[in-house]
Amino acid sequence: MVELRKSNWETLGGLPIPAYHVPDDSVETPGSAPYTRGIHEKMYRSRLWTMRQYAGFSSAQETNERFRLLLDRGQKGLSVAFDLPTQLGLDADDPLSEGEVGKVGVSISCLQDMRDLFSDIPLDKVSTSMTINAPAMVLLAMYCVVAEEQGVSREKISGTIQNDILKEYIARGTYVFPPNHSMRLITDIFEYCSTNIPKWNTISISGYHIREAGSTAVQELAFTLSNALAYVDSACEKGLAVDTFAPRLSFFFNCHNDFLEEISKFRAARRLWHDLMVQRYAPSHPRSTQLRFHTQVAGVSLTAQQPLNNISRVTIQALAAVCGGTQSLHTNSYDEALGLPTEESATIALRTQQIIAEESGVADVVDPFAGSFHIESLTDEIYNKSKSEIEKIDSMGGALKAIEQGYQQQEIHTTAYRYFNEIEGGSRRIVGVNHGTMDEYLQIKPMKLNPEVAQHQHQRLDGLRKNRDSSKVEVILQQIRSAAEDGSNLFPIVINAIQHNATLGEIMSAMKDIFGTYSAPSGF
Amino acid sequence: MDQPLRIVIAKPGLDGHDRGAKVVARALRDAGHEVIYTGLRRTPEQIIETVRDEDAILLGLSSLSGAHGHLFPRICETLREHNMGDVIVFGGGIIPEDDCPPLYEAGVRAIFGPGTTSQEMVDFIATAVQRDDAGVGHGAGWYWNPSN
Amino acid sequence: MDDRLDAAKAGDRRALARLLSSIENGELRFSEPHSEDSGWKILALTGPPGVGKSCLLDRLLHEWVDHGHRVAVLAVDPSSPRSGGALLGDRVRMSVVDDDNKKNSVYVRSVATRKTSGSVPLVVRDMAFCLLHVGWDKVVIETVGAGQSEVRCAAVADRIVLIEGPARGDGVQAEKAGLLELADAVIVNKSDLDGAQRHANELRESLHLGHEDAPEVLLVSALHGDGIAEASSMLLNLEQSTRASRARWRERLLSHHERLLLEHPEFDSLLSKIEEGLMSFDDAYAQLRNGNE
């Protein structure tokens, strides 16, 4: 029996409400396959979604201070934003990093940076989500080493790495290696974690950035699930049993303005993932067929014009995500089209979630829109359209082959340009942009960032390279090259490299020597 | 216009968000120009080599990572060093007000933020190519101000 | 023009780029430079969209530069018939231009088709001559497109190489017949995908029907590098197939004729007059032809 948040459930006016409605036997029950109505029977009656706000700062020390503040205020999980050099596996002192260090997140080049980031934070008590893809293995290895130094073993740490390289080729751009080698790194992580870091979510398969790049809801769902199938295939080919890793797959979706379409999208997503898993892999663990997902509302829908209107947009989107049954949610700040959020705007974003949770009543009943003719028919249509799109990608040889041909990129870009033209032509109205406009002065906010971060990182890396046993590091880097070539699991060697103070950039360069680098088709 | 203008749209720096750059490239194509898109993560040297080999007269730079303050002036300077002072440079992305004066100072002729229409960009281009002081070689001076 | 030519010969790439623009804009013409060397100078790489031409060309350029060649590429993309503009995206796929050790031996220039009806404007031939004239060893013309207009590349190149992808289950289509007739070699890319071998076999079969002098069909994977070394040396030593000479001359005649018409100063105004009914088609055509004779 699940424990509930309250003992009595009624409307604002005092009318009683059941946990969910099942008018007759033909209707699915929440918490049962194929999970259209949710993966938990009592859903938010037992536990609300996790309100998880993503944040990033320039230096490890500054981010650490903010993390500790958030934990003091009762937050249980951390979400780390890394700067672009880190996301691309470049050290802060690499010439290509110039101008980018500490800009969109924290700069992590070596073990000492990671120690600073989690200084005085008990890694057995918090779960940590890291938005990291191409160098995910290296950052997770650093996290393991820091945890061990705190006396926390690998079996005890928990969290998530994004580790979803396919959507990087499609939409987000922070890829490094060619697709086949990237897939191998991901399956190495799956394999290593399934026995050594069992509580870690090894991937967060993301439609978010695909949607931000301009896709439709159907494309978002189809491309994301087709990427997910590619990961499952790749792990199965490596010989992993589906039930050893599938329960640790998680998803990350966008939520845009079309309220009813978005609710239907989440319902269709759960049903479709369940059906695909059952039909293709016949797992025995039910959790292997349950789609769990994080949602972030659509950054791309925010307007620079009349920015306060964005609070209304975020509310509509967040409400759709909750009515669609998300496991966790990030709400954007209204001023994000104009620069980094202020403390005030970030607070309003969090309060929006709290108002939905505590005041709106939508969290008191499971799958509140079920049975609506419109919602049920949209759910079916999104399911069918996504399924045929996935089958089309299958016929091209799967997600990986389609990406190499630029297929998804091209489809997304075509949609994005159509949307742009609809707004310019006025056939699509956006309030404040081409409808309900006012004379206004758009003030983009200055970015207040610590200019000394880059310099500090340079000094630290200089010192590190002087004081470590660099010949030992070179020996381990050579082991990385050999393992990259012969196919043995890279994870334990990367952990060893980190323990001997090899830097992120050095480890990634050793892999580049064997894997090479890649430039994905732009879709033009 | 007699012949289409050749325009390079470039993504300097490390950010991978190119929805804006690609939409601008297509909009300029639909305005009758020949547009060369560089792809992601180009260094200043790679960008100016593209402009040089493709004989582009305009160079549009897109950056969303906050590295514009470092990268745009460096690209302008590199163009001048390579004797390509007649190239007209413009930029786009999320660029704070306070960051604009140094960019204009460096020779960037227009900065297009969120919500810019394609018509405005087309108007800028038509104006800039008519002027004899719009090339990056002229350094600080004229820049596009849509309210004029 | 002389200054720019001297500068371009001395290695000034900006001067070269400017010369090419002048040719493209119809302000300059170049004729075929004299050469002692019997190998090909201008090679066309053609084939349907999505077969990985640019990626394959990139691999070949790496190889050819390693063998000491200096190669220029003219990458042709279609202009939008509506706006006259074009998106020229092939350069993105060329890693060789970012390689510090090789980039001085490679020149890549994107070319839009502008008003030309075929896949390759004839002006590209003058551009290629210019490149040879200022010291590039070889010029590769890459064309994007499908269908029958592809045969037009015969008008501009000494050798034609057709790039194909894996079979799509519809055999060798009739619309490819013209191009297959002209091809001096065929490369089937994406040998890692199902259907590549089958398509290579289909092509070999259809090429050998009734021909002694059938072009070679090679399988490669541009993505993984398989078969690239073989393709590189096969292409460097590629001879012109004799069976196609008539078809080749035919394309050149047609192409020249179109260029004459398009370059007529009254072309656009005569077109408008026909459209508005102010002039008969026959009269307009006669005037276009007379004006150039």
Side-chain angles (χ1 to χ4, degrees), chain A residues 83-88 90 95-104 168-169 171-175 209 212-214 300 302-305 336-340 409 412-414 416-417 419-421 423-424 430 432-434 437 441-449 454 519-524, chain B residues 9 11-31 35-46 63-75 93-101 111-122 146-147:
Chain A
D83 70 357
L84 285 164
T86 308
Q87 291 188 48
L88 288 161
L90 300 168
L96 290 172
S97 304
E98 226 178 301
E100 311 265 14
V101 176
K103 280 273 161 65
V104 301
E168 296 293 332
Y169 299 118
R172 189 167 174 270
T174 64
Y175 53 82
H209 318 88
E212 288 288 294
V300 74
L302 303 182
T303 65
Q305 298 90 340
E336 281 180 36
L338 299 169
L340 293 175
Q409 297 93 307
I412 292 168
H413 180 60
T414 303
Y417 192 53
Y419 185 78
F420 171 81
N421 279 329
I423 294 173
E424 286 228 321
I430 307 289
V433 173
N434 62 1
T437 54
Y441 176 69
L442 298 183
Q443 175 88 49
I444 296 185
K445 292 178 298 181
M447 300 193 199
K448 278 180 247 141
L449 291 168
S519 167
S522 70
F524 265 20
Chain B
I9 297 294
K11 287 280 309 168
L14 302 180
D15 87 87
H17 300 289
D18 62 353
R19 177 181 180 158
K22 283 155 118 179
V23 164
V24 165
R26 272 212 195 183
L28 294 177
R29 188 269 315 259
D30 287 348
V35 186
I36 297 121
Y37 172 57
T38 61
L40 298 177
R41 308 206 299 254
R42 301 287 91 187
T43 65
E45 289 68 28
Q46 288 166 343
S63 165
L64 294 161
S65 70
H68 51 264
H70 169 76
L71 292 166
F72 291 7
R74 212 178 119 203
I75 291 164
I94 300 183
I95 298 180
E97 192 88 3
D98 294 356
D99 292 5
C100 292
I111 293 165
F112 298 116
T116 306
T117 62
S118 51
Q119 190 56 49
E120 188 184 338
M121 278 181 285
V122 167
S147 53

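All heavy atoms count here, side chains included; hydrogens, waters and symmetry mates do not. Below, chains carry the letters A, B, ... as their sequence lines are ordered, and counting in each starts from 1.
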Inset, instruction - For the pair A:Thr414 and B:Arg26, evaluate side-chain contact (heavy atoms from CB on, under 4.5 Å) and give the outcome as yes or no after the intermediate values. - result: CA-CA 10 Å; A:Thr414 303; B:Arg26 272 212 195 183; 4.1 Å; yes
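Using a 4.5 Å cut-off on side-chain heavy atoms (C-beta onward), A:Lys103 and B:Leu14 make no contact. Contact annotation: the side chain of B:His70 approaches that of A:Glu98 to within less than 4.5 Å [non-hydrogen atoms, C-beta and beyond]. B:Leu71 places a side-chain heavy atom less than 4.5 Å from the side chain of A:Glu100.
For A:Tyr169, no part lies under 4.5 angstrom from a heavy atom of chain B. Contacts between A:Pro95 and chain B at a heavy-atom distance below 4.5 Å are absent for every atom of the residue. Using a 4.5 Å cut-off between heavy atoms, B:Thr117 contacts chain A through both its backbone and its side chain. The contact between A:Ala337 and chain B is made entirely by backbone atoms, counting heavy-atom distances below 4.5 Å. Heavy atoms closer than 4.5 Å to chain B are found in the side chain of A:Val300, but not in its backbone. For A:Ala520, no part lies near chain B; criterion is any non-hydrogen pair under 4.5 Å. Proximity to chain B (any heavy atom under 4.5 Å) is shown, for A:Leu96, by both the backbone and the side chain. Heavy atoms of B:Ala25 lying under 4.5 Å from chain A belong exclusively to its side chain.
Qualifying salt bridge (Lys or Arg N to Asp or Glu O under 4.0 Å) partners for B:Arg42, counting only residues two or more places apart in sequence or in other chains: C:Asp98. Residues passing the ring-ring contact (aromatic ring centres under 6.0 Å, His included) test with B:Phe72: none are found, sequence neighbours excluded.
Under a 3.5 Å cut-off, the side chain of B:Arg41 and the backbone N or O of A:Gly173 do form a donor-acceptor pair.
Between B:Arg19 and A:Ala416, the shortest heavy-atom contact is NE-CB, 3.9 Å. Considering every non-hydrogen atom in both B:Ala27 and A:Phe420, the closest pair reads CB-CE2, 4.1 Å. For the residue pair A:Tyr417 and B:Asp30, the shortest heavy atom distance occurs at OH-OD2, 2.6 Å. Contact detail for A:Ala304 and B:Pro114: the closest heavy-atom pair is CB-CB, 3.8 Å.
Between the CG atom of B:Leu40 and the OG1 atom of A:Thr174 there is a distance of 10.0 Å, given to the nearest 0.5 Å. Within the model, atoms CG of B:Asp15 and CZ of A:Arg172 stand 10.0 Å from one another, a figure rounded to the nearest 0.5 Å.
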